[in-house]
Amino acid sequence: MIIVFVGPPGVGKGTQSKRLVSHFQLVHISTGEMLRKAIGEGTRVGVEARDYIDHGRLVPDDLIVELVGKRFETFPSEQGCLMDGFPRTITQARSLDGLLEKLGRRVDVVIELVADRDEIRRRLLDRARLEGRSDDSPETITARLEIFDRQTAPLIDFYRKCGSLRQVNGMGTPDEVFNRILDSIRS
Ligand code: AP5
Ligand code: MG
């Protein structure tokens, strides 16, 4: 099973990914985490990506496709996989389709997590106090939400037209959201 998680920053993709990965024994591919690791290690991709992330902008598609392409070189071809925060553009979605096609596979389910913007901002500002992620400042949160609306929302229409989209309410406790996601996968 190949699952794609799409939704605005702070909606709970990472939180729910951890649960799904252990529930279904999936490989977790989070481009955000891969990029933060690359920045920490000072790799070329990390150096090139840093400024985009700190300003809440999308990292260019070619860098993301390079990063994910490398990850796919060691991808166990039978294993289920959860994509968290990738793809974020239609170009990335087409690249993912190409990578999967080589393995004779395709995206099975796209889960769109939705939540109120006030709740999202609250979650991210709380996380800023706890974890201090470099892109959780109030200004960068606003920029990330705007970028999502402008650049990633069209991807949701793309997947809706493919018929693989399930919209899930991301409000409530993490347990409530997780149960809704499980229901949407089973349906
Ligand atoms: P990325 O790391 O993907 O971040 P994001 O999409 O901005 O989303 P977050 O990770 O902030 O939120 P989330 O939805 O995972 O929520 P979480 O579970 O953590 O990307 C970071 C940057 O990297 C991008 O801005 C871009 O620059 C770059 N990038 C990454 N991928 C890219 C790509 N494919 N193309 C181009 N650029 C890319 O939850 C948030 C908080 O809320 C947590 O503290 C959590 O504990 C809490 N919480 C979660 N669920 C609940 C709940 N139900 N109730 C209460 N609190 C909750
Ligand atoms: Mg995340």
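What you are looking at is a predicted structure, and each value in this text was computed from that prediction instead of being measured. Remember, it's 1-based here, ligands and their atoms both numbered in the order they're listed. Below, each value reflects all heavy atoms present in this structure, side chains not excepted, and no hydrogens, waters or symmetry copies.
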Q | His28 side, atom NE2; Glu33 side, atom CD - distance, nearest 0.5 Å | A |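 Between atom NE2 of His28 and atom CD of Glu33 there are 5.5 Å.
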Q) If you round to the nearest 0.5 Å, how far is CD of Gln92 from CD1 of Ile64? A)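 Interatomic distance, Ile64 CD1 to Gln92 CD, rounded to 0.5 Å: 5.5 Å.
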Should [X] and [Y] count as an ion pair when the cut-off is N to O under 4.0 Å?
{"X": "Arg180", "Y": "Asp183", "value": "no"}
{"X": "Asp157", "Y": "Arg160", "value": "yes"}
{"X": "Glu73", "Y": "Lys70", "value": "no"}
{"X": "Asp136", "Y": "Arg144", "value": "yes"}
{"X": "Arg44", "Y": "Glu48", "value": "yes"}

Could you tell me the residue and atom name of the protein heavy atom closest to [atom], and the distance to it rounded to 0.1 Å?
{"atom": "atom 16 (O) of ligand 1", "result": "Gly12 N, 3.2 Å"}
{"atom": "atom 35 (N) of ligand 1", "result": "Gln92 NE2, 2.9 Å"}
{"atom": "atom 2 (O) of ligand 1", "result": "Arg36 NH1, 2.8 Å"}
{"atom": "atom 28 (C) of ligand 1", "result": "Leu35 CD1, 3.7 Å"}
{"atom": "atom 12 (O) of ligand 1", "result": "Gly10 N, 2.8 Å"}
{"atom": "atom 15 (O) of ligand 1", "result": "Gly14 N, 2.8 Å"}
{"atom": "atom 37 (N) of ligand 1", "result": "Val59 N, 3.0 Å"}
{"atom": "atom 43 (C) of ligand 1", "result": "Arg127 CD, 3.9 Å"}

Tell me whether [X] reaches ligand 1 (any heavy atom closer than 4.0 angstrom to a ligand atom).
{"X": "Leu130", "value": "no"}
{"X": "Pro8", "value": "yes"}
{"X": "Gly172", "value": "yes"}
{"X": "Gly7", "value": "no"}

Quick one: does ligand 1 sit under 4.0 Å from the side chain of [X], the backbone, both or neither, non-hydrogen atoms only?
{"X": "Ile53", "value": "both"}
{"X": "Gln16", "value": "neither"}
{"X": "Ala49", "value": "neither"}
{"X": "Thr89", "value": "neither"}
{"X": "Arg133", "value": "side chain"}
{"X": "Ile147", "value": "neither"}
{"X": "Asp84", "value": "neither"}
{"X": "Arg144", "value": "side chain"}
{"X": "Glu131", "value": "neither"}

Taking every non-hydrogen atom, the tightest pair across [X] and [Y]:
{"X": "Gly10", "Y": "Leu124", "result": "CA-CD2, 3.5 Å"}
{"X": "Ser17", "Y": "Phe5", "result": "OG-CD1, 3.5 Å"}
{"X": "Arg19", "Y": "Pro174", "result": "NH2-CB, 3.5 Å"}

Q: Dump the intermediate steps for salt bridge (Lys or Arg N to Asp or Glu O under 4.0 Å) on Arg123 and Glu119, then the final yes or no.
A: CA-CA 6 Å; Arg123 288 181 188 178; Glu119 169 68 10; 2.8 Å; yes
Does any non-hydrogen side-chain atom of [Y] lie less than 4.5 Å from one of [X]?
{"X": "Val107", "Y": "Met83", "value": "no"}
{"X": "Leu100", "Y": "Phe72", "value": "yes"}
{"X": "Ile181", "Y": "His23", "value": "no"}

Q: Please lay out, stage by stage, how Phe86 and Met34 fare under the test side chain to side chain contact (heavy atoms under 4.5 Å, CB included).
A: CA-CA 11 Å; Phe86 168 82; Met34 288 160 79; over 6 Å; no
(Q) Regarding Asp135 and Thr140, do their side chains bring together a donor and an acceptor under 3.5 Å, going by distance alone? (A)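 Per modelled atom types, Asp135 and Thr140 side chains form no pair under 3.5 Å.
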Counting heavy atoms only, which of [options] comes nearest to [atom]?
{"atom": "atom 45 (C) of ligand 1", "options": "Thr15, Val6, Asp126, Thr31", "answer": "Thr15"}
{"atom": "atom 8 (O) of ligand 1", "options": "Gln151, Lys13, Arg122", "answer": "Lys13"}
{"atom": "atom 50 (N) of ligand 1", "options": "Arg57, Arg88, Arg123", "answer": "Arg123"}

Quick check on contacts: which atoms of ligand 1 are under 4.0 angstrom from a heavy atom of [X]?
{"X": "Gly85", "result": "31 (N), 32 (C), 33 (C), 34 (N)"}
{"X": "Thr173", "result": "53 (N)"}
{"X": "Leu124", "result": "11 (O)"}

